[in-house]
Number of protein chains: 2
Amino acid sequence: MSPPLHISISEKLRHQIEAGVYAAGDRLPSEHQLMETFSVSRITARQAVANLVSQGLAIAYRGKGVFVTPQKKVTYSLSSPLVFLEQDMARQGIAFSFENLVFEPVAAPRDVAVALGIAKASSVYLQKKLFRMDGAAGAVDVTYLIADLGERFAPLLEQQMTFPTLAEHGIPIDCLDSVIECTHADYDLSGYLEVPLGHALMVYRYTAYSSDRQPVLHGSTISRADRFCYSLSTRARA
Amino acid sequence: MSPPLHISISEKLRHQIEAGVYAAGDRLPSEHQLMETFSVSRITARQAVANLVSQGLAIAYRGKGVFVTPQKKVTYSLSSPLVFLEQDMARQGIAFSFENLVFEPVAAPRDVAVALGIAKASSVYLQKKLFRMDGAAGAVDVTYLIADLGERFAPLLEQQMTFPTLAEHGIPIDCLDSVIECTHADYDLSGYLEVPLGHALMVYRYTAYSSDRQPVLHGSTISRADRFCYSLSTRARA
DNA sequence: TAAGCTCACTTGTTATAACAAGTTGATTGC
DNA sequence: GCAATCAACTTGTTATAACAAGTGAGCTTA
């Protein structure tokens, strides 16, 4: 009935973290120290540390140690939707930048074709961007843009954010369908976002429509759970 | 430069799952089979399986095997906010029920006191509920209700949902401030929600106000990432 | 002094080994 | 035939062992 050793140890450390014994950024005891403190093998000590990492409470660096993760989140207002990311960031005093990872025409996958109302495997432009907040990786954005706009604005879009660029050229986004969900980091995402495999990530999936009700783009912003949250203030239903 | 063995193996399995070699509910090869197939030790085979589990792609049962997890989500509309959960569920053909875990007066923690605009450590009613969708655990709701309402409706609230109960007695919720974020399952939550430690969970945190602008309750709905998502359809900013 | 090397310490990966505990189906005993 | 037992499978926990690889401090050498 008693929980496994590694759980007992990680729960004890978790309580110490929450009680402030170890503050954000502090180094936790090394695996060797845990082995001696709790009289367990390295496997068990490692498992305990792995539990904390999987709970997002700590992060391990080879050669350095295991450190308590800070938790300071950027808030996004959904009341005024996620179209002018840079301004939202600036308002919260965050230096925002992005790095263009991919920009190329591809055949539309099925879900994208459905969202954009085009034939499957039609040509669309795929753009992948890495968003940085104060220099640190915060989110990956994957956008599928309808072909003619992608071709037309290709050079601009590698340097500027999508919504402002479109708006500047007479294609304002009028309507946005979005879904917020949550997923786990796969191998690629864990590399880009500098989180361990399986870490919790928020997904903001959206389809944007121009003023004539035509779908213009479909994309996902996949962000680190410890750095992002979404807020919404609203009146309830009648 | 090559990734670790356990990553190679779990990535291979992931691709097979995504390609449909293993469908939702299918059993994956046992640890022993993986040992032989890839000529690795059990530790490495276990690590590969652990990677899939941590990514939410599979779930392991002792004595039975490892199975591909199904992904069918219930969608919540935020356009009409999360106040009548039962109707939302019914509309999507889900049998909803809840189990009352805790209902008792407690001293308000600091964040709750701030949200409710009362003095720290004032008395409030704490209610914890386990939401079930088609019988399976889907979310845990933790609500702090202002003292007089908690006392007044205590018997009712153990059997009925909060918002409808309040509305029926002349206390409709007029306004809702909410935040959506994402967290990892700790030991307690992993037990209630039947997910592995560290699994991704969605958190819907809300403060509800009555028609006279007074805060009435503050709570969080913590739901399984593989069973919940939130949707929002809206016009963009001018 | 400054550059470079070495060493001690850290976490990461992997192997072998054993026992615990849950599940399932076959066998045995009544 | 039916029930109880057992054997063979599964994953879970834990120990010991070794080497790889990144970090940083201190020493050595030019």
Side-chain angles (χ1 to χ4, degrees), chain A residues 1-13 17 22 25-69 185 187 190-191 194-199, chain B residues 1-13 17 22 25-69 185 187 190-191 194-199:
Chain A
M1 284 305 96
S2 61
L5 264 177
H6 62 91
I7 297 272
S8 307
I9 296 172
S10 63
E11 283 292 287
K12 185 154 193 170
L13 289 171
I17 291 170
Y22 302 105
D26 281 5
R27 215 192 110 191
L28 292 177
S30 72
E31 292 174 358
H32 199 76
Q33 287 173 310
L34 291 177
M35 285 171 68
E36 293 193 344
T37 306
F38 295 98
S39 302
V40 295
S41 75
R42 196 183 160 206
I43 277 200
T44 307
R46 270 187 75 72
Q47 181 71 55
V49 173
N51 291 343
L52 295 176
V53 172
S54 81
Q55 288 174 76
L57 293 170
I59 183 162
Y61 299 100
R62 187 197 301 208
K64 297 181 74 173
V66 180
F67 299 83
V68 178
T69 51
Y187 187 60
S190 71
E194 300 164 10
V195 293
L197 196 67
H199 207 77
Chain B
M1 286 303 98
S2 61
L5 264 177
H6 61 91
I7 297 271
S8 307
I9 296 172
S10 62
E11 283 293 287
K12 185 154 193 170
L13 289 171
I17 291 170
Y22 302 104
D26 281 4
R27 217 194 108 189
L28 292 177
S30 74
E31 292 174 358
H32 200 76
Q33 287 173 309
L34 291 178
M35 284 170 68
E36 292 193 344
T37 306
F38 296 98
S39 301
V40 294
S41 74
R42 196 183 160 207
I43 277 201
T44 307
R46 268 186 77 72
Q47 182 70 55
V49 172
N51 290 343
L52 295 176
V53 171
S54 81
Q55 289 174 75
L57 293 169
I59 182 163
Y61 298 99
R62 187 196 301 206
K64 298 182 75 172
V66 180
F67 299 84
V68 178
T69 50
Y187 188 59
S190 70
E194 300 163 9
V195 293
L197 196 66
H199 207 77

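Bear in mind the structure is a predicted one, so any value in this text is a computation, not a measurement. We name chains A, B, ... by the order of the sequence lines, and we start the count at 1 in each one.
- The CD1 atom of Ile59(A) sits 7.5 Å away from the OG1 atom of Thr69(A) when rounded to the nearest 0.5 Å.
- Checking each of Val49(B), Thr44(B), Val40(B) against Leu34(B) for a side-chain contact (heavy atoms from CB on, under 4.5 Å) leaves exactly one that passes, namely Val49(B).
- Considering only side-chain N and O atoms, His32(A) lies nowhere under 4.0 angstrom from the phosphate OP1 or OP2 of dT10(C).
- In this structure, the side chains of Leu197(A) and Ile7(B) come closer than 4.5 Å at one or more pairs of heavy atoms.
- In this structure, the CD atom of Glu31(A) is 8 Å from the C1' atom of dG12(C), given to the nearest Å.
- Atom OH of Tyr61(B) and atom C1' of dT24(C) are 17 Å apart (whole Å).
- Counting only distance, with no hydrogens or angles, the side chain of Gln55(B) and the backbone of Asn51(B) share a donor-acceptor pair below 3.5 Å.
- Put simply, CG on Leu34(A) is 13 Å from P on dA15(D), counting in whole angstrom units.
- If you measure from atom CE of Met35(B) to atom P of dT14(C), you get 14 Å, rounded to the nearest angstrom.
- For residues 38-60 of chain A, the pairs satisfying salt bridge (charged side-chain N to carboxylate O under 4.0 Å, His left out) are Glu31(A)-Arg42(A), Glu31(A)-Arg46(A), with sequence neighbours left out.
- Side-chain contact between Ser8(B) and Phe38(B) is absent, with no heavy atoms from C-beta onward closer than 4.5 Å.
- Side chain of Arg62(B), nearest nucleotide from dG12(C), dT10(D), dT14(D): dT10(D).
- Of the candidate nucleotides dT24(C), dT11(D), dT11(C), dT24(C) has the atom lying nearest to any side-chain atom of Lys64(B).
- Going from atom CZ of Phe38(B) over to atom P of dT13(C) covers 17 Å, rounded to whole Å.
- The stretch residues 57-68 of chain A participates, sequence neighbours left out, in no side chain to side chain donor-acceptor pair (under 3.5 Å) pair at all.
- In this entry the distance linking CG of Leu5(A) with C1' of dA15(D) reads 11 Å, nearest Å.
- To the nearest angstrom, P of dA20(D) lies 20 Å from CD1 of Ile7(B).
- Taken residue by residue, residues 40-49 of chain A places heavy atoms nearer than 4.0 Å to DNA chain C at Arg42(A), Arg46(A).
- The distance from atom CZ of Arg27(A) to atom P of dT23(D) is 14 Å, rounded to the nearest whole Å.
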